[in-house]
Enquirer: 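There's a structure below that I have some questions on.
Letters go in sequence order (proteins before strands), and every chain restarts at 1.
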Amino acid sequence: MQENYLAKWLNNELSGKELEDFKKSAEYTSYQKIAEVSKTMEAPEFNIERALTNFKTNNLDKEVKVVQLNPMRKLMRIAAAIAVIAVGSYIYLSSLNESIATQYAENTQVILPDNSEVALNADSKISYNEKKWDEKRSVSLEGEAFFKVAKGERFTVATEDGLVAVLGTQFNVENRKGYFEVSCYEGLVSVTYKGKETKVPAGSSFMAINGKITNTEVQKNAQPSWINKESSFKSTPLHYVLAEFERQHNIRVETRNIDKNKLFTGTFSNTDAKLALESISVPSQIKFKLEGNKVLFYAEDAK
Amino acid sequence: MKKPTPVKSTNMDNVCEEKVFSSLFETNSKTVFNYIYYKFGNEEKAYDAVQEAFVKLWENCTKVTPDKAKSYVYTVANNLYLNVLKAEKVRMKYADTSNDRTNESPEFILEEQEFKEKLDKALNSLPENQRTTFLLNRIDGKKYAEIAEMEGVSVKAIEKRMHLALKSLREHIDGI
């Protein structure tokens, strides 16, 4: 008989021969009886529902604290002073804005108080006032973020260059030095740029580079490429592309003898630096040399 | 390419969600209760163990993922009375099968009754870990692998306990 054959037998794991032999043994009847009867046993009653209700009333309900009057006046005074400071700092702190920032080569997700979702691209920062959120849904943004706004009142994104207002939709806002782009993927977005309001419907994009406005198309119901770990550009001056590369890969870019205002159309990977460098250099007909955390782009014919 | 999964506010894989927590309580509390009862034979303590284990889970709901929650509550419940509680008599009830056995002779019924009493006694004489393993399998229908997870030992060790439990129950009942 194999090791622990009784356990195997209970689990129907004995082979035909073994089972046969076991059945012939003198003890078999007793074992069978034990197995049979033990199956009809029951543990003491346990009411799951009652236990859960009991648990909830004891642990999940809000604690009610009873404060007893303290005859020690001195202590009371100290306590009062501490309370005043605490309340004061609470009011002060709660009037401050909530802010979330990302470093180079880092993305993050933020859930706003109304469950609107914000995906924050590298080297970006958003801030908002949590206490006043119900009165005013307003977020200030430096850098780039993709918003999925929950239905509700007017929602605004304030950036240094322009103001974006929506009712409940999905859109991407990017504001870097001299560069302002709003892409709408769903619904309708209103962009106020230099005092002029422009409506951006789903499937289009508003782009202003150094004050020059262009309108391009984006794919409806899609997501910005960086959500899928890629950076895409359409007729964008090379220096913005290189700046984005720096942010995504945390690699410092240096250039020599190249025209940084040349327009670039294409996509690069935000995860594979080598691949990204090739995606930028090949169509732009420039060369690059990667050394640790530094990359040099140089013209093909230059030395 | 890996798509980022958006963070949802109703996070169903978060133990801190009351719904998730309640369902964990509903599926596991009875087994925790039985588990402690088989070990120590004390109903009141088994009930307290359930409550305490889930209080701990609730307090640590940010650190424990739902798939780890099960073994977490067993571990907490088990540690609670480790070395503190002396095992009392484990008294089992038996399902009433008389309804479908009305044609049995009184002698048979008496014999059956005697057998059950012997089994009860034999169970009490088992070491705590063998009894717990045996009863979790017989009453709660737990697979050896599940019991191994609860007890934090290998499946082989559970098979050994099961084998020894059956062996000594048989010897006890047959009066060897």
Enquirer: Is A:Asn107 close to chain B through its backbone or its side chain, or both, or neither, when contacts mean heavy atoms under 4.5 Å?
Expert: neither

Enquirer: Can you tell which part of A:Ala35 gets under 4.5 Å to a heavy atom of chain B, answering side chain, backbone, both or neither?
Expert: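 Both backbone and side chain.
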
Enquirer: In terms of heavy-atom proximity below 4.5 Å to chain A, should B:Asn137 be classed as side chain, backbone, both, or neither?
Expert: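 The side chain, not the backbone.
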
Enquirer: In terms of heavy-atom contacts, does CD of B:Glu59 have more than 12 from other residues, nucleotides or ligands at under 6.0 Å?
Expert: yes

Enquirer: Where does the angle between the aromatic ring planes of A:Phe55 and B:Phe25 fall among parallel (under 30°), tilted (30 to 60°) and perpendicular (over 60°)?
Expert: tilted

Enquirer: Name the region of A:Asn54, side chain, backbone, both or neither, that has any atom closer than 4.5 Å to a heavy atom of chain B.
Expert: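 A:Asn54 touches chain B through backbone and side-chain heavy atoms alike.
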
Enquirer: Looking only at heavy atoms, which two atoms of A:Ile34 and B:Leu119 are closest? And how far apart?
Expert: CG2-CD1, 4.2 Å

Enquirer: Do you know which two heavy atoms are closest between A:Ala7 and B:Met162, and how far apart they sit?
Expert: CB-CB, 3.7 Å

Enquirer: Does any backbone or side-chain atom of B:Gln51 lie under 4.5 Å from a heavy atom of chain A? Answer side chain, backbone, both or neither.
Expert: both

Enquirer: With a sphere of 6.0 Å drawn around NZ of B:Lys30, does it hold more than 12 non-hydrogen atoms of other residues, nucleotides or ligands?
Expert: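 More than 12 heavy atoms, drawn from other residues, nucleotides or ligands, come within 6.0 Å of this atom.
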
Enquirer: Please flag which part of A:Gln32 lies under 4.5 Å from any non-hydrogen atom of chain B: side chain, backbone, both or neither.
Expert: neither

Enquirer: Can you find a pair of side-chain heavy atoms, one from A:Lys56 and one from B:Glu18, that are under 4.5 Å apart?
Expert: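 Side-chain contact under 4.5 Å: yes.
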
Enquirer: So for A:Glu49, is it side chain, backbone, both, or neither that comes closer than 4.5 Å to the heavy atoms of chain B?
Expert: neither

Enquirer: Return the OG to CG distance between B:Ser29 and A:Asn47, rounded to the nearest 0.5 Å.
Expert: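 One finds 9.5 Å between OG of B:Ser29 and CG of A:Asn47.
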
Enquirer: Decide side chain to side chain donor-acceptor pair (under 3.5 Å) for A:Thr40 and B:Lys116; before the verdict, give the C-alpha distance in whole Å, the side-chain angles of both, and the deciding distance to 0.1 Å.
Expert: CA-CA 10 Å; A:Thr40 70; B:Lys116 285 172 180 175; 5.1 Å; no

Enquirer: Identify, with sequence neighbours excluded, every residue that meets side-chain hydrogen bond (donor to acceptor under 3.5 Å, both in side chains) alongside A:Ser279.
Expert: none

Enquirer: A side-chain contact here means heavy atoms from C-beta on lying under 4.5 Å apart; do A:Met41 and B:Leu123 qualify?
Expert: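 A:Met41 vs B:Leu123: side chains touch.
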
Enquirer: Select one option (side chain, backbone, both, neither) describing which atoms of B:Leu164 are under 4.5 Å from chain A's heavy atoms.
Expert: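 When you check distances to chain A, no heavy atom of B:Leu164 falls under 4.5 Å.
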
Enquirer: Is chain A contacted by the side chain of B:Lys143, its backbone, both, or neither, given a heavy-atom distance below 4.5 Å?
Expert: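 No part of B:Lys143 comes within 4.5 Å of chain A.
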
Enquirer: Specify the closest pair of heavy atoms between A:Ser30 and B:Asp174, including all atoms of both residues, with the distance to one decimal.
Expert: OG-OD2, 2.7 Å

Enquirer: Which answer fits B:Val55, side chain, backbone, both or neither, if we ask what part of it has an atom under 4.5 Å from a heavy atom of chain A?
Expert: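 Contact with chain A: backbone and side chain both.
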
Enquirer: For B:Tyr37, which atoms come within 4.5 Å of any heavy atom of chain A: side chain, backbone, both, or neither?
Expert: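 Contact with chain A: side chain only.
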
Enquirer: Which pair of non-hydrogen atoms, one from A:Ala51 and one from B:Tyr47, has the smallest distance, and what is that distance?
Expert: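 Heavy atoms only, the tightest pair is CA-OH, 3.4 Å.
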
Enquirer: I need the minimum non-hydrogen distance between A:Asn4 and B:Lys156, along with the two atoms involved.
Expert: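 Closest pair (atom of A:Asn4, atom of B:Lys156, distance): ND2-O, 3.9 Å.
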
Enquirer: Check whether any side-chain N or O of B:Arg170 sits under 3.5 Å from a backbone N or O of A:Glu27 as a donor-acceptor pair, and report yes or no.
Expert: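 A pair under 3.5 Å: no.
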
Enquirer: Provide the full list of ring pair (Phe, Tyr, Trp, His ring centres under 6.0 Å) pairs with a residue in residues 119-161 of chain B, sequence neighbours left out, each pair given once.
Expert: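 Non-adjacent pairs meeting ring pair (Phe, Tyr, Trp, His ring centres under 6.0 Å): zero.
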
Enquirer: Go through the atoms of B:Leu166 and report whether side chain, backbone, both or neither lie under 4.5 Å from a heavy atom of chain A.
Expert: both

Enquirer: With a 6.0 Å cut-off (strictly less than), is the heavy-atom count around CD of A:Gln2, excluding the residue itself, greater than 12?
Expert: yes

Enquirer: State, yes or no, whether a side-chain contact exists between A:Lys39 and B:Ile139 at a heavy-atom distance under 4.5 Å.
Expert: no

Enquirer: Is A:Glu36 paired with B:Arg138 through a side-chain N to carboxylate O contact shorter than 4.0 Å?
Expert: no

Enquirer: When you measure from the side chain of B:Glu26 to the backbone N and O of A:Leu52, does any donor-acceptor pair fall under 3.5 Å?
Expert: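 Here the side-chain-to-backbone pair does not exist.
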
Enquirer: What heavy-atom pair brings B:Lys167 and A:Tyr31 nearest, and what distance separates the two atoms?
Expert: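 Minimum heavy-atom separation between B:Lys167 and A:Tyr31: CA-OH, 3.6 Å.
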
